[in-house]
Amino acid sequence: MRKQLGLQCVILTFVLCILSTLGDRVTYTFDDSVGLGRQFDGIGAISGGGATSKLLVNYPQEQRSQILDYLFKPNFGASLQILKVEIGGDAQSTDGTEASHMHNSWDENYERGYEWWLMVEAKKRNPDIKLYGLPWGFPGWIGDGTRSPYSNPTQTITYIIKWIQGAKHYYNLTIDYIGIWNEKPYDITYVITLRQLLDANGLSNVRIVAADDAVWNSISKDILNNASLSNAVDYIGCHYPNTYSTDIALKTGKQLWASEDSVGGSCLAKRLNQNYLNGFITR
């Protein structure tokens, strides 16, 4: 269940721990007049970058099923609440290459790659898990030879929409969030047009996360200065924020996400807590 988080709740827990050692010697007054804090959006993981989940599908069935249970079953293991996957683009995207659903504008195949399989397995174990798609790269025909997905926004967005529609048609998977371009510059016109075409294609439920790069302020400033962009972007996603956001990002009023983050297992709980305490980062 999604929860309302408030900094006052964290302080209350901390103080109660102290009081448990002090008995009744001290009286404290708590004031919750400031109201609730930001809504907690969940804890997730990423399958992207060309190969991060590639070998899992080839494990023996018993061990593979156990790993999937530990990842996705509620109240068991990691209990992931969101799964972010790469929209394969026929491009080397970090550790390898994920096949695209459209090698060319006239080609569609929704059996390529392993993200479909992973999303289906996640949904089997947790029907409420949220799904998030993001391109790391694009096939060469996108951009009409310019190597830029923004040179022809309608062409690129149609490519993305077909992936979302394919997920639903072939696997009954509802995509909840869509990103722009992993750790690459965003384009304001593209983001605004993406929102318009998603709505026009009956996909108003799909929320937009931007910009999936390593800074808060660039997209935040543009959101504050452009009402159409602000209306298009639902969440500001930053990579490796080191638990901190910025005053400008907070000023937008948008939910702030660590949309890519990485720590060792022993530090994970600390990082998840500090993301909110230091930066009001809610996913």
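For this chain, numbers begin at 1 and follow the sequence in order. Computed from a predicted structure; not experimentally measured.
At a threshold of 4.5 Å between non-hydrogen side-chain atoms, the residues F138 and T156 count as touching. Looking only at side-chain heavy atoms (C-beta outward), L272 and D261 stay at 4.5 Å or farther from each other. R125 places a side-chain heavy atom less than 4.5 Å from the side chain of D69. Under the 4.5 Å side-chain criterion, counting only non-hydrogen atoms from C-beta, F72 is in contact with I129. The side-chain heavy atoms of S220 and I236, taken from C-beta on, include a pair separated by under 4.5 Å.
Connection of L250 to V215 is not established within any shared hydrophobic cluster, with ILVMFWY side chains joined at heavy-atom distances below 4.5 Å, either directly or through further cluster members. Cluster membership check: I248 does not share its hydrophobic cluster with V209, using side-chain heavy-atom separations under 4.5 Å among Ile, Leu, Val, Met, Phe, Trp and Tyr. Cluster annotation: I188 is connected to W181 through the hydrophobic network of ILVMFWY side chains, with a link wherever side-chain heavy atoms come within less than 4.5 Å. By the rule that hydrophobic residues join a cluster once side-chain heavy atoms approach within less than 4.5 Å of another member, V57 and Y171 end up as members of one cluster. Placement of Y132 and Y114 in two distinct hydrophobic clusters is found when ILVMFWY residues are connected by side-chain heavy-atom separations under 4.5 Å, directly or transitively.
Around atom NZ of K270, no more than 12 heavy atoms belonging to other residues, nucleotides or ligands sit under 6.0 Å away. Remark: D247 CG is loosely packed, at most 12 non-hydrogen atoms of other residues, nucleotides or ligands lying under 6.0 Å away. Within 6.0 Å of CD in E111 there are 12 or fewer heavy atoms belonging to other residues, nucleotides or ligands. Within a 6.0 Å sphere centred on OH of Y244, other residues, nucleotides and ligands contribute 12 heavy atoms or fewer.
Under 3.5 Å, the side chains of E98 and S93 contain no donor-acceptor pair of N or O atoms. Counted by atom type alone, N225 and K221 present zero donor-acceptor pairs between their side chains at under 3.5 Å.
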Evaluation steps, ring-ring contact (aromatic ring centres under 6.0 Å, His included), between Y110 and W163: CA-CA 8 Å; Y110 298 91; W163 184 85; 9.0 Å; no
Step-by-step ring-ring contact (aromatic ring centres under 6.0 Å, His included) determination, H101 to Y159: CA-CA 9 Å; H101 59 293; Y159 167 84; 4.5 Å; yes
Trace of the salt bridge (charged side-chain N to carboxylate O under 4.0 Å, His left out) decision for K184 with D213: CA-CA 7 Å; K184 296 292 193 298; D213 59 19; over 6 Å; no
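Taking all atoms of both residues into account, the shortest heavy-atom contact from M102 to W141 is O-NE1, 3.0 Å.
Between D234 and K254 no salt bridge is recorded (no basic side-chain N to carboxylate O distance below 4.0 Å). Salt-bridge check for K84 with D212: passed, with a basic side-chain N closer than 4.0 Å to an acidic carboxylate O. Salt bridge annotation for D199-R195: present, with a cationic side-chain nitrogen under 4.0 angstrom from a carboxylate oxygen. The existence of a salt bridge linking D90 and R112 is excluded, since no basic side-chain nitrogen approaches an acidic carboxylate oxygen closer than 4.0 Å.
Between F76 and Y70, the angle of the ring planes stays under 30°, which puts this pair in the parallel group of the 30/60° scheme.
Between the side chain of R147 and the backbone N or O of D144 there is no donor-acceptor pair closer than 3.5 Å. The closest donor-acceptor contact from the side chain of E86 to the backbone of G49 lies under 3.5 Å. Proximity of a side-chain donor or acceptor of T146 to a complementary backbone N or O of S151 within less than 3.5 Å is not detected. Of the possible donor and acceptor atoms, one in the side chain of D107 sits under 3.5 Å from a partner among the backbone N and O of H103.
For Y190 and Y186, the gap between ring centers reaches or exceeds 6.0 Å.
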